[in-house]
Amino acid sequence: MTTDQPSAESLLDGLDDQQRVAAEALLGPVCLLAGAGTGKTRAITHRIAYGVATGVYPPGRVMALTFTARAAGELRARLRSLGAGGVSARTFHASALSQLNFFWPQVIGGTMPRLLEGKAKVIAHAADALRLKLDTATLRDVAAEIEWRKTSRLSIEEYASRVRSLPPSLTPEKMVDLQRSYETVKDERRQIDFEDVLLIAAGMVEAEPRVAQQVREQYRFFVVDEYQDVSPLQHDLLQLWLGPRNDVCVVGDVSQTIYSFAGASPDYLLGFGHEHDDAVVVRLEQNYRSTAAIVTAANRLMRDRPGALTLHAATGRTGPTPAVTRFETDSSEARGVAHAIADEIAAGVRPEDIAVLFRINVQSQALETALADAGVPYVVRGAARFFEQREVKEALMLLRGATINTAIEPLFKTVSDVLRSIGWSQDPPETRGAVRDRWDSLNALMQLAEEAPVGTTLKQFVDDLFERQAGQHEPTMSAVTLATLHSAKGLEWDSVYLVGLAEGLVPISYAKDAVAVEEERRLLYVGVTRARRALALSWSAAPQQGRSGQRSPSRFLAELG
């Protein structure tokens, strides 16, 4: 072991009692019920690294699974810093796709079919074949139905017998015909979609003993993050990867199940102890993220809900009690929030430590205008991806070229010289606009260089950038974040503004039954628990477009206290 690699015992230092129990339970089935802000990523990365350091885990035989490329990239970075860089951390889809690329030529022959980047165009062609005209919203709804059917492991015939809420322009019979047509068009073009990747991978392991043996020889120990979001298809694939073994650790929080519409089911997390009667079940309830006032509000929202954990504030930090503000219009709400944020920044809060969260994307427009008018920098999460921006691509190519230079200079100077050559300067432009946006992107790369560990070489830095690019692990921009509640999951900020908390938005108007309303409750809980220091709640009485009468406040506000 190299001197800079942490010792096994030091990996347990700093863990609380329950995190330590989880880290030391290396074999057999383990379930971590981990509430928001309880350090679950720290617990699972230290657990894996401890297993590697003690020799229990050969790093090449460990697979950490999660649901987003960003989360997988973060896991890899943390594991590398803990001396467990040889451990694989991937999404379910990335793991399955890697297996398909390897086994397809052996099992089926030839090259693997082309992977669809999106379903909309194929669905449109399938609709044309049936002489159906579908608008963009309906195409999106049909894609969601296809994904739900496949992740639920239902055949088209089984799907036809289910009662589903469908777009107004499609009867159940037309939806079934459209899905059949979609599969036909896809097969004719020799294409597969993302759900097919999981289905085919599962089919290969299930039907081919040789494939099952190779897969199970490669990976022996599994860790699955966000287990409350696992679908029947992902659950079945995991069981096939495990085979007769039970060395699996699952991590999740029932209160953060917000993808039921996509086939996710918390039942697998809730039922893990029944599925594995010898499972070690650990509850992480010490919240290290938020003030006591925010934790209290979160607990009120989830009180008496099945499987909900009760959080206990461990930070000792004080902060304001979350307050509710009523506005007359959406634009006045946006202006009020923008002015409050401008005041925070003037008082010394960094823009990147502030977020505004909302239920649906269209709510972003008024906020963008208000923030721009107030001179506040912002980024919209889910808009243009950082590593797809022209200036970022240019910077990465130049930095890669600079690694060929034999001159030995400090990392900071080399990166600074490269970025200056394409327009970066130490001081930002005074005005907002395209020039400032370009500077913000280049400055984010400069900040990564400043934060790199002492001794990092340019090649190591550039390799890390390209790994970030592959995993869409974007750096933090010096700007306020605008994001939907769904896209905010897994993130946190000092100050969070939850806007639009009115009936029809939270809960959303199409949440008609008790099950759907409970999903909306959990979505709001995710938003509340993103805040570390301050939480502001607001709503507008103005009616939604196309509706009459004033809005009323969200039913959840009274429960938040």
Side-chain angles (χ1 to χ4, degrees), residues 16 18-19 32-44 66-68 70-71 74 225-229 251-260 264 266 269 283-324 353-359 381 481-501 506-507 518-538 554 556-557 559-561:
D16 66 30
Q18 292 306 101
Q19 290 172 341
L32 269 62
L33 299 173
T38 58
K40 56 116 176 173
T41 304
R42 177 178 175 81
I44 60 176
T66 188
F67 284 79
T68 67
R70 182 192 63 81
E74 183 181 343
D225 195 10
E226 305 288 6
Y227 199 63
Q228 77 280 350
D229 288 333
V251 189
D253 179 9
V254 170
S255 296
Q256 296 187 67
T257 306
I258 60 173
Y259 292 105
S260 297
L269 178 63
R283 297 168 71 91
L284 302 184
E285 295 178 302
Q286 289 292 317
N287 179 285
Y288 297 97
R289 175 184 299 159
S290 307
T291 63
I294 294 169
V295 167
T296 297
N299 284 335
R300 282 176 179 156
L301 191 60
M302 298 310 295
R303 183 182 293 148
D304 299 328
R305 261 57 208 179
L309 299 166
T310 300
L311 300 177
H312 306 283
T315 63
R317 290 186 299 171
T318 58
T321 299
V324 180
D353 289 332
I354 304 172
V356 187
L357 308 182
F358 38 83
R359 179 63 179 85
R381 185 164 182 81
T481 298
L482 300 181
T484 64
L485 289 166
H486 279 101
S487 65
K489 190 156 183 297
L491 304 174
E492 59 184 79
W493 298 269
D494 268 2
S495 182
V496 170
Y497 293 77
L498 293 178
V499 302
L501 299 182
V506 182
E518 284 304 297
E519 181 106 344
E520 294 291 302
R521 176 191 298 277
R522 295 191 295 268
L523 191 55
L524 179 57
Y525 174 83
V526 166
V528 168
T529 54
R530 299 310 93 197
R532 290 191 287 251
R533 176 185 55 81
L535 176 66
L537 313 167
S538 63
S554 168
F556 301 132
L557 286 175
E559 298 180 40
L560 282 169

Side-chain (Arg289) to main-chain (Thr529) donor-acceptor, under 3.5 angstrom: yes
Residues forming a salt bridge (charged side-chain N to carboxylate O under 4.0 Å, His left out) with Arg359, sequence neighbours excluded: Glu520
Any donor-acceptor pair under 3.5 Å from Gln228 side chain to Asp253 backbone: yes
Is the shortest side-chain heavy-atom distance between Trp493 and Ile354 below 4.5 Å? no
Partner of His486 under ring pair (Phe, Tyr, Trp, His ring centres under 6.0 Å), chosen from Phe358, Tyr259, Phe67: Tyr259
To check you understand the geometry: which heavy-atom pair defines the closest contact between Leu301 and Glu559, and what is its length? O-OE1, 4.1 Å
Contacts of Arg532 meeting salt bridge (charged side-chain N to carboxylate O under 4.0 Å, His left out) (sequence neighbours excluded), chain-then-number -> Asp353, Glu492, Asp494
To the nearest 0.5 Å, tell me how far Ser538 OG sits from Leu557 CG. 9.5 Å
If we ignore hydrogens and angles and just use 3.5 Å, is the side chain of Gln19 paired with the main-chain N or O of Asp16 as donor and acceptor? yes
How far apart are the closest heavy atoms of Ala71 and Thr66, and which atoms are they? CB-OG1, 3.6 Å
So which heavy atom on Leu537 is nearest to which on Pro322, and how close? CD1-CB, 4.3 Å
Qualifying residues under side chain to side chain donor-acceptor pair (under 3.5 Å), relative to Tyr525, sequence neighbours excluded: none
Can you list everything that forms a side-chain contact (heavy atoms from CB on, under 4.5 Å) with Ala34? Sequence neighbours excluded, please. Thr38, Lys40, Val251, Leu284
Any donor and acceptor pair, going by atom type alone, linking the side chain of Arg522 with main-chain N or O of Thr257 inside 3.5 Å? yes
Apply side chain to side chain contact (heavy atoms under 4.5 Å, CB included) to residues Thr481 and Val356 and explain how you reach the verdict. CA-CA 6 Å; Thr481 298; Val356 187; over 6 Å; no
Among Val528, Val526, Leu498, which residue satisfies the side-chain contact (heavy atoms from CB on, under 4.5 Å) criterion with Leu485? Leu498
Of all residues at least two apart in sequence or in a different chain, which pass the ring-ring contact (aromatic ring centres under 6.0 Å, His included) check with Phe556? none
Qualifying side-chain hydrogen bond (donor to acceptor under 3.5 Å, both in side chains) pairs with a residue from residues 290-313, counting only residues at least two apart or across chains: Arg305-Glu518
Give me the atom names and distance for the closest heavy-atom approach of Val506 to Gly500. CG2-O, 4.1 Å
To the nearest 0.5 Å, what is the distance between CZ (Arg530) and CG (Leu357)? 9.0 Å
What one should report as the nearest heavy-atom pair of Arg283 and Ala308 is NH2-O, 4.4 Å
Verify side chain to side chain contact (heavy atoms under 4.5 Å, CB included) between Arg521 and Leu524, making sure each step is shown before the conclusion. CA-CA 5 Å; Arg521 176 191 298 277; Leu524 179 57; 5.9 Å; no
Go through the steps to decide whether Leu482 and Arg381 satisfy the test side chain to side chain contact (heavy atoms under 4.5 Å, CB included), and finish with yes or no. CA-CA 6 Å; Leu482 300 181; Arg381 185 164 182 81; over 6 Å; no
Give me the atom names and distance for the closest heavy-atom approach of Gly35 to Gln256. C-NE2, 4.3 Å
